[in-house]
Amino acid sequence: MGCGLSKQDDGGPPRRKQGSVGDVVVFLPGLRTPRGVDFSSQSLDGRLDKAAVERLSALRARVVDMAMQESAAALKPRRKQGSSTANLLQALEDYLPLLLGLVKEGGESRHSVQFVWTNQEDNAEETAMADAWYEVLSVLHLMAMVCLLQANSLLLPRAYGDGYGPRVSEESRRATVDVFLKAAGYLDCAIRRVLPQIPSELRRQLPVDLAEGNLKALSLQALGQGVDMQLGLAIDSPKATLAVKRRLACEMVKYWNQIQESIPELTACDGWGKKHLLFVKWKYVEAKAAAYYFHGLILDEGNSEKSHGMAIAALQASEEFLKESKRASEAFHATPPTSRSPTPFGTAKYLFDKIPKDASSKVRINQDLYTQERVIGAPPPLPDFSLALTPEDYDLPPLDPLWNKEDGHQ
């Protein structure tokens, strides 16, 4: 895929703004935004009564206005907290049941309207399709991205006026897990229920933002970051065992490995595509650092020379992956649109505090078992655990009652 971009159209928010998008904990490739549609001037006129056309127009116009405002706000380094994302999500949820009437079985309106959306990761500036299922797919994708935006907001440190410095509360981290599962649910529904409705020829024309591999990768990202929050909470809990922490860390590795296998070819020259790939690399090696660290601590509990040697190899691997993750994080944040890394918390803070100390101390303690062969040897394999987190169960909503009246009218 080449690096060229189509000409920026007037009338919409900038797609790949060179500047800063502020503090980023949760990656999302900007927000795809819809262009305005005049339903009354298109071929719906005569197929639907005036009330249905007016309702569709009003709900979609509300989505267009709020999405463009939210997209512009998301590109600002210091965005204020507020209810704008919740309002946009509600607007999309209100619009979807009415939109689904255009694709109901036997309906004649599916191909009557040309829907246009701006892209973020595709070379094409925008994609237009006369298929209402494309609109449904775009709506579900935007709903998921809004959830990721909410999750990022929840995970930014804030002051609580209690004499302690700004921090990410346990309540926020727990709440974010539910938001991640919700985002994954929207994307999973898009893959299961919507993509199969679009003919293969049209699917090949979808922007890379909506490619099945990208939808799957973003869904897995939400699940992987949800496990990251669970691991951070387990680290803070005195009741959580090393085995529990290792399992969660190994699950993170598995999620991010699947993301690398799913993600489609993205424009790696600049912009959101390059940033997306760097984020995946960063979180994958960070997950490996955590997994090898906890695996090493468990192996060190063994009594044999072999287990102590494997523990040292695992802990050294964790230290190397931690260094690599720091470099990947710096590259991610430096890539335009640039971003900032907020103060580490949860899993990341723990790893930066513990791995360098524990890796060196275990080597000293086991100096008599430490050989050159083990230094250069490969670390022991990580245990393979089944993935526990799954997307929230979400399905397309029932049709708006207006369609029942419309059927009677026709």
Side-chain angles (χ1 to χ4, degrees), residues 20-29 31 70 73-90 93 142-187 218-240 244-245 248-249 251-252 255-256 279 282-283 286-287 290 325 329 332-333 339-354 388-392 394:
S20 175
V21 293
D23 296 330
V24 172
V25 182
V26 181
F27 175 80
L28 67 149
L31 296 179
E70 194 59 41
L75 291 169
K76 294 179 180 178
R78 298 183 179 276
R79 53 172 294 144
K80 296 181 179 179
Q81 305 299 323
S83 58
S84 58
T85 52
N87 291 338
L88 174 55
L89 195 57
Q90 185 61 56
E93 290 174 350
L142 182 54
M143 290 167 73
M145 295 306 98
V146 170
C147 286
L148 295 184
L149 202 58
Q150 290 178 330
N152 190 69
S153 178
L154 282 168
L155 295 177
L156 298 182
R158 52 179 56 86
Y160 290 89
D162 53 4
Y164 297 95
R167 64 188 184 277
V168 181
S169 69
E170 179 180 327
E171 181 182 13
S172 290
R173 286 185 280 165
R174 290 189 185 279
T176 307
V177 176
D178 293 333
V179 178
F180 281 133
L181 297 184
K182 192 174 184 179
Y186 291 142
L187 294 165
L218 287 167
S219 177
L220 288 166
Q221 175 196 319
L223 298 177
Q225 293 205 265
V227 176
D228 190 355
M229 293 304 105
Q230 291 181 328
L231 176 57
L233 292 167
I235 287 169
D236 291 345
S237 171
K239 296 181 180 180
V244 168
K245 297 169 190 174
L248 290 170
E251 286 185 35
M252 279 172 55
Y255 279 118
W256 287 103
F279 184 80
W282 165 28
K283 302 311 288 187
E286 184 178 82
S325 77
S329 170
F332 165 78
H333 289 296
S339 51
R340 295 190 303 265
S341 178
T343 304
F345 67 94
T347 303
K349 182 179 186 304
Y350 182 83
L351 296 179
F352 281 116
D353 289 345
K354 300 290 287 184
L389 272 192
T390 56
E392 182 178 280
Y394 176 82

If we ignore hydrogens and angles and just use 3.5 Å, is the side chain of [X] paired with the main-chain N or O of [Y] as donor and acceptor?
X      : Y      : value
Glu251 : Ala388 : yes
Asn152 : Val24  : no
Ser329 : Ser325 : no
Tyr186 : Cys147 : no

So, do [X] and [Y] sit near enough that their side-chain heavy atoms are less than 4.5 Å apart?
X      : Y      : value
Arg158 : Ser169 : no
Val168 : Lys349 : no
Glu70  : Leu31  : yes

**Request:** Can you sort out the partners of Glu93 under salt bridge (charged side-chain N to carboxylate O under 4.0 Å, His left out), two or more places apart, ordered by chain and number?
**Result:**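 Glu93 satisfies salt bridge (charged side-chain N to carboxylate O under 4.0 Å, His left out) with no residue once adjacent residues are dropped.
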**Request:** State which residues pass salt bridge (charged side-chain N to carboxylate O under 4.0 Å, His left out) with Asp178; sequence neighbours excluded, sorted by chain then number.
**Result:**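 Not a single residue meets the salt bridge (charged side-chain N to carboxylate O under 4.0 Å, His left out) criterion with Asp178.
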Over all atoms of both residues, closest heavy-atom pair of [X] and [Y]:
X      : Y      : result
Ala222 : Leu148 : CB-CD2, 4.3 Å
Ser339 : His333 : OG-ND1, 2.8 Å
Ser172 : Tyr160 : OG-OH, 4.1 Å
Gly22  : Ser20  : N-OG, 3.0 Å

[atom1]/[X] to [atom2]/[Y] distance, rounded to the nearest 0.5 angstrom?
X      : Y      : atom1 : atom2 : answer
Phe180 : Leu389 : CZ    : CG    : 10.5 Å
Asp23  : Leu156 : CG    : CG    : 5.5 Å
Leu218 : Leu187 : CG    : CG    : 6.0 Å
Glu392 : Leu223 : CD    : CG    : 11.5 Å
Leu88  : Met145 : CG    : CE    : 12.5 Å
Lys354 : Ile235 : NZ    : CD1   : 10.5 Å

**Request:** Only counting residues at least two apart or in another chain, list the ones meeting ring-ring contact (aromatic ring centres under 6.0 Å, His included) with Phe279.
**Result:**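 Testing Phe279 for ring-ring contact (aromatic ring centres under 6.0 Å, His included), a comparison that skips the adjacent residues, returns Phe27, Trp256, Trp282, Phe332.
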**Prompt:** Residues in ring-ring contact (aromatic ring centres under 6.0 Å, His included) with Phe345, at least two apart?
**Reply:**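 Scan of Phe345 (ring-ring contact (aromatic ring centres under 6.0 Å, His included), adjacent residues dropped) gives none.
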**Asked** Between Glu286 and Lys283, is the closest basic N to carboxylate O distance under 4.0 Å?
**Response**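 Yes, this pair counts.
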For residues 225-233, which side-chain donor-acceptor pairs fall under 3.5 Å, sequence neighbours excluded?
from: Gln225; atom 1: OE1; to: Gln221; atom 2: NE2; distance (Å): 3.1
from: Gln225; atom 1: NE2; to: Val25; atom 2: O; distance (Å): 3.2
from: Asp228; atom 1: OD1; to: Thr347; atom 2: OG1; distance (Å): 2.9

**Item:** side-chain contact (heavy atoms from CB on, under 4.5 Å) partners of Ser237, counting only residues at least two apart
**Value:**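 Once residues adjacent in sequence are excluded, the partners of Ser237 under the side-chain contact (heavy atoms from CB on, under 4.5 Å) criterion are Lys239, Ala240.
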